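Have a look at the structure below, then the notes.
In this text the structure is predicted, and so the values were computed from the model without any measurement.
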Amino acid sequence: MTKTDKAAAIKQLKERFENNEFFYITDASQLTAEKTTELRGKFFEKGISMQVVKNTLAIKALESMPEEGNYKAVFDAMKGPTALLFTEVANAPAKVIKEFRGEDGERPILKAAYVAGSVYTGDDQLGSLAKLKSREEMLSDVLTLLQSPMQNLLSGLNSGGAKVAGLLKTLEEREA
C-alpha cells in the first residue's frame, strides 16, 4: 500500500467515524467464506456496514478525531484481525451478532463498542449492548409516558361531563 493509498484510507475512515456515533470493533476471523458472506448479509439487512481494516490506519484516523470524543479508549481493542461495524442504531450489531452465533457459535468476537462517547470493552458486554434501547424505542417510551397523563385527564373530563349531564337531567325530571 502506497503512502497515497494509506492517506486516502485514513481520510475515508475518519469520515466514517465522524458520521457514525456508534461503531463496533470485532474479530470475525476464522469464519469460513460462506459464514462471512452470511454474516455480511445479516448486517446489510439491518443497515450495518462491515469493513475489515488495518489497525494502524484505524488508529491514525481515530487519533485525528477530537479528544473529547473518548476515542483513545478503543485503541487497546485494535489488535489482531479487526472488522469495524458502523451503524445508526446502537444495539443493532449486538443483536445481529447474538443471533448469528446461536447456541454454540463464538465468532464474531466483540472486542469493543463505541456508543456515543461510551466504550464497552470485551465480548462479555455483548448482552448489555443488545439490551440497549434504540433512539426510536426511547422516543416511543417517552411518548407513551407523556400520553398517559393526558389520556387520564381526558377520560376524567369525559366521565365528569357525563355525570354532570346526568345530574342535570335528573333535576329537570324532578321539576317536571
Self-check item: Side-chain heavy atoms of Gln30 within contact of Pro81, under 4.5 Å
Solution: no

Practice problem: Please examine the side chains of Ile25 and Met78, heavy atoms only from C-beta on, and report whether any two atoms are closer than 4.5 Å. | Solution: yes

Practice problem: Please list, chain by chain and in numerical order, all residues satisfying salt bridge (Lys or Arg N to Asp or Glu O under 4.0 Å) with Glu88, sequence neighbours excluded. | Solution: none

Self-check item: Distance (rounded to the nearest 0.5 Å) between Lys54 NZ and Ile59 CD1
Solution: 13.0 Å

Quiz item: Taking the side chain as C-beta and beyond, is there a heavy-atom pair between Thr121 and Val119 under 4.5 Å?
Solution: yes

Exercise. Please check if the side chain of Thr26 supplies one atom and the backbone of Ala83 the other of a donor-acceptor pair under 3.5 Å.
Key: yes

Practice problem: May I ask you to test the Val74-Lys111 pair for a side-chain heavy-atom distance under 4.5 Å? | Solution: no

Exercise. Please answer whether the main-chain N or O of Asp5 pairs with a side-chain N or O of Thr2 as donor and acceptor at a distance below 3.5 Å.
Key: yes

Quiz item: Are Phe75 and Val53 joined in one hydrophobic group, where the rule is that I, L, V, M, F, W and Y side chains link up if heavy atoms are under 4.5 Å apart?
Solution: yes

Quiz item: Who else is in the cluster with Val96 when I, L, V, M, F, W and Y are joined by side-chain contacts under 4.5 Å?
Solution: Phe22, Tyr24, Leu31, Leu39, Phe43, Ile48, Met50, Leu85, Ile97, Phe100, Leu110, Val115, Tyr120, Leu126, Leu129, Leu132

Quiz prompt | Spacing of Leu84 atom CG and Thr82 atom OG1 [to the nearest 0.5 Å] | solution = 7.0 Å

Exercise. Over all heavy atoms of both residues, which pair between Gly80 and Asn55 is shortest? Give the atoms and the distance, please.
Key: O-ND2, 2.8 Å

Side-chain donor/acceptor pairs under 3.5 Å, residues 62-73, sequence neighbours excluded:
unit_1, atom_1, unit_2, atom_2, d
Ser64, OG, Ala61, O, 2.7
Asn70, ND2, Gly117, O, 3.1

For residues 6-18, tabulate all N or O donor-acceptor pairs below 3.5 Å that involve a side-chain atom, not counting sequence neighbours.
unit_1, atom_1, unit_2, atom_2, d
Gln12, OE1, Gln51, NE2, 3.2
Arg16, NH1, Gln51, OE1, 2.9
Arg16, NH2, Ser49, OG, 2.6

Quiz item: Is Arg101 paired with Asp123 through a side-chain N to carboxylate O contact shorter than 4.0 Å?
Solution: yes

Quiz prompt | side-chain hydrogen bond (donor to acceptor under 3.5 Å, both in side chains) partners of residues 31-43, not counting sequence neighbours, each pair once | solution = none

Quiz item: If you group Ile, Leu, Val, Met, Phe, Trp and Tyr whenever their side-chain heavy atoms sit less than 4.5 Å apart, what else falls in with Phe44?
Solution: none

